[in-house]
Chemist: 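First the structure, then my questions, so here it is.
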There are 2 protein chains.
Amino acid sequence: MAAASPTALARCCAPIAGPALSDEEAQQLERVFKALADKHRVKILNRLLSADGDAVCACDFEDLLGLKQPTVSYHLKQLFEAGIVTREKRGSYAYYAIADDAMAQVCGLLGAPA
Amino acid sequence: MAAASPTALARCCAPIAGPALSDEEAQQLERVFKALADKHRVKILNRLLSADGDAVCACDFEDLLGLKQPTVSYHLKQLFEAGIVTREKRGSYAYYAIADDAMAQVCGLLGAPA
DNA sequence: ACAGGATATCGAAAGTTCTTGATCTCTGCC
DNA sequence: GGCAGAGATCAAGAACTTTCGATATCCTGT
């Protein structure tokens with residue numbers, strides 16, 4: 001399993017509007033969009049974006065999504081591994097936040113001004 | 001199966017960075033990102049974006065992707081139904097092009113300036 | 001050291017998406 | 001009309017994703 005650094009997205013791949021993509025570049029873009037392609041993960045991001053940079057406790061998402069704890073943990077992992085969110089452990093709680101400029105960086109991949 | 005008009009994306013849904021999303025809004029965003037979340041479809045878009053607005057014949061993608069004709073047709077349909085590409089039939093050939101501002105509109109959904 | 005709570009990971013079942021051969025439809029040409 | 005070529009659709013199998021109960025790990029308070 002690939003660990004993601006806060007800048008993972010920034011360095012991750014060539015933009016879709018640009019020179020012809022290799023198989024690996026196309027696959028890397030697929031990974032980023034796949035991470036966004038789920039209604040529960042969209043809701044998680046929506047919540048983190050309205051927290052305006054503040055971290056949100058993993059436990060808060062259980063109620064927001066109406067899913068069990070292992071499922072919430074699974075979705076948070078997908079976002080973390082795509083480099084879209086960061087994780088910070090405080091005591092036994094895990095806090096998640098939007099990675100720096102993640103949304104602008106995804107825009108960059110789409111080739112529009114970020 | 002939902003038919004997509006050229007403006008389908010524009011009207012499709014609330015941005016991810018904004019007020020709390022309903023289930024339907026989250027699901028609509030999921031549909032858009034799912035359409036982008038495949039390496040073959042990423043390559044199709046890459047090709048259409050470098051054609052700079054010009055339409056590309058469906059048959060050209062068979063070689064580009066190394067997939068059989070029904071599979072290419074399936075991926076083009078996913079993009080068409082998400083409102084990301086347009087289709088025009090000329091004689092017995094089908095030509096596909098990027099929908100107007102599709103990439104900028106997806107950026108709009110991400111909440112970054114389009 | 002132990003108990004209790006929070007989160008992560010595993011493994012199996014259910015659901016979804018992708019791929020392709022076969023087939024159908026439509027267009028253009030003789 | 002009848003044929004050939006392009007593309008769409010169908011149907012079935014393979015591959016992948018999502019969900020959740022059970023279980024493991026890690027932290028805190030006593």
Side-chain angles (χ1 to χ4, degrees), chain A residues 1-4 23 26-45 47-48 55-97, chain B residues 1-4 23 26-45 47-48 55-97:
Chain A
M1 267 142 237
D23 230 62
Q27 187 126 236
Q28 186 53 54
L29 282 158
E30 165 176 325
R31 275 188 212 101
V32 173
F33 293 126
K34 241 181 201 147
L36 300 170
D38 178 282
K39 75 176 177 171
H40 300 306
R41 296 196 290 267
V42 162
K43 281 190 176 184
I44 290 170
L45 291 175
R47 178 85 176 68
L48 291 177
V56 176
C57 179
C59 59
D60 289 356
F61 294 115
E62 232 165 296
D63 265 23
L64 175 68
L65 305 178
L67 294 172
K68 301 290 187 201
Q69 182 272 322
T71 310
V72 169
S73 192
Y74 164 77
H75 285 299
L76 288 167
K77 188 182 178 185
Q78 301 306 300
L79 289 170
F80 178 70
E81 288 186 346
I84 296 169
V85 305
T86 58
R87 171 166 35 200
E88 192 200 347
K89 213 108 192 289
R90 294 192 210 150
S92 48
Y93 295 77
Y95 286 80
Y96 285 84
Chain B
M1 272 144 226
D23 230 62
Q27 186 127 236
Q28 185 54 51
L29 282 157
E30 164 177 324
R31 274 189 212 101
V32 173
F33 292 124
K34 244 182 200 149
L36 300 171
D38 178 280
K39 76 177 175 169
H40 301 305
R41 296 196 288 269
V42 162
K43 282 190 175 184
I44 289 170
L45 291 174
R47 179 85 176 68
L48 290 177
V56 175
C57 179
C59 59
D60 288 359
F61 295 115
E62 232 164 295
D63 264 24
L64 176 68
L65 306 177
L67 294 172
K68 302 291 186 196
Q69 181 273 322
T71 311
V72 170
S73 192
Y74 164 79
H75 286 299
L76 288 168
K77 188 181 178 185
Q78 301 305 301
L79 290 170
F80 178 70
E81 287 185 346
I84 295 168
V85 306
T86 59
R87 170 164 39 198
E88 192 201 347
K89 211 108 192 288
R90 294 193 210 151
S92 49
Y93 295 79
Y95 285 80
Y96 286 83

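Quick note on labels: first sequence line is chain A, next is B, and so on, each numbered from 1.
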Chemist: How many whole angstroms separate atom OH of B/Y95 from atom P of D/dA8?
Modeler: 13 Å
Chemist: From the options C/dT9, D/dG5, C/dA6, select the nucleotide whose nearest atom is closest to the side chain of B/S92.
Modeler: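 When the side chain of B/S92 is considered, D/dG5 is the closest of C/dT9, D/dG5, C/dA6.
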Chemist: Closest to the A/R87 side chain: D/dT19, C/dA8, C/dA6?
Modeler: C/dA8
Chemist: Taking only side-chain nitrogens and oxygens of B/K89, does any of them come within less than 4.0 Å of OP1 or OP2 of D/dG7?
Modeler: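 Checking D/dG7 against B/K89, no side-chain N or O comes under 4.0 Å of OP1 or OP2.
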Chemist: Using whole Å, report how far CG of B/D60 lies from C1' of D/dG7.
Modeler: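 About 14 Å, once rounded to whole Å.
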Chemist: Between A/L45 and A/V85, is there a side-chain heavy-atom distance shorter than 4.5 Å?
Modeler: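 Side-chain contact under 4.5 Å: yes.
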Chemist: Donor-acceptor pairs under 3.5 angstrom involving side-chain atoms of residues 30-39 of chain B: please list them, not counting sequence neighbours.
Modeler:
residue : atom : partner : partner atom : Å
B/E30   : OE1  : A/K39   : N            : 2.6
B/E30   : OE2  : B/K34   : NZ           : 2.7
B/R31   : NH1  : B/Q28   : OE1          : 2.5
B/D38   : OD1  : B/H40   : N            : 2.8
B/D38   : OD1  : B/R41   : N            : 3.2
B/K39   : NZ   : A/D23   : OD2          : 3.0

Chemist: Can you check the A/K77 NZ to D/dT25 P distance for me, whole Å?
Modeler: 15 Å
Chemist: A/L76 versus A/F61: any side-chain heavy-atom pair under 4.5 Å?
Modeler: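 They are in side-chain contact.
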Chemist: Separation of B/Y93 atom OH from C/dT27 atom C1', in whole Å?
Modeler: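 One finds 11 Å between C1' of C/dT27 and OH of B/Y93, rounded.
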Chemist: To the nearest 0.5 Å, how far apart are CD in A/E88 and OH in A/Y93?
Modeler: 15.0 Å
Chemist: Using a 4.0 Å heavy-atom cut-off, does B/R90 contact any base of the nucleic acid, only the sugar-phosphate backbone, or nothing at all?
Modeler: nothing
Chemist: Please write out the pairs of protein N or O atoms and N or O atoms of nucleotides 20-25 of chain C separated by less than 3.5 Å, giving the distance to one decimal.
Modeler:
residue : atom : partner : partner atom : Å
C/dT20  : OP2  : B/K68   : N            : 3.4
C/dT20  : OP2  : B/T71   : OG1          : 3.3

Chemist: Just how far, in rounded Å, is P of D/dA6 from CG of B/D63?
Modeler: 13 Å
Chemist: Can you check the A/E88 CD to C/dA6 P distance for me, whole Å?
Modeler: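 Checked: the CD to P distance equals 18 Å.
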Chemist: Please report the distance, rounded to the nearest Å, between CD in A/E81 and P in C/dT9.
Modeler: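 After rounding, the gap between these two atoms is 8 Å.
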Chemist: CD1 of A/I44 to CG of A/D60: how many Å apart, nearest 0.5 Å?
Modeler: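 Rounded to the nearest 0.5 Å, the CD1-CG separation comes out at 11.5 Å.
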Chemist: Under 4.0 Å from any atom of DNA chain C, heavy atoms only: list the residues of residues 28-44 of chain A that qualify, in numerical order.
Modeler: none
Chemist: About how many Å separate CD of B/Q69 and OH of B/Y74, when rounded to the nearest 0.5 Å?
Modeler: 15.0 Å
Chemist: Would you kindly check if the NZ (Lys) or CZ (Arg) of B/R87 is within the cone defined by 45 degrees around the ring axis of B/F80 and under 6.0 Å from the six-membered ring centre?
Modeler: yes
Chemist: Between P on D/dT9 and CG on B/L76, what's the gap in Å once rounded to a whole number?
Modeler: 12 Å
Chemist: Can you name the closest pair of heavy atoms from A/L64 and A/K43 and give their distance?
Modeler: CD2-O, 4.0 Å
Chemist: Might you point out which heavy atoms bring B/L67 and B/E62 nearest each other, and give the distance in Å?
Modeler: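 Smallest interatomic distance, heavy atoms only, reads O-CG, 3.3 Å.
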Chemist: Indicate, with a heavy-atom threshold strictly under 4.0 Å, whether A/Y96 touches base, sugar-phosphate, or nothing.
Modeler: sugar-phosphate
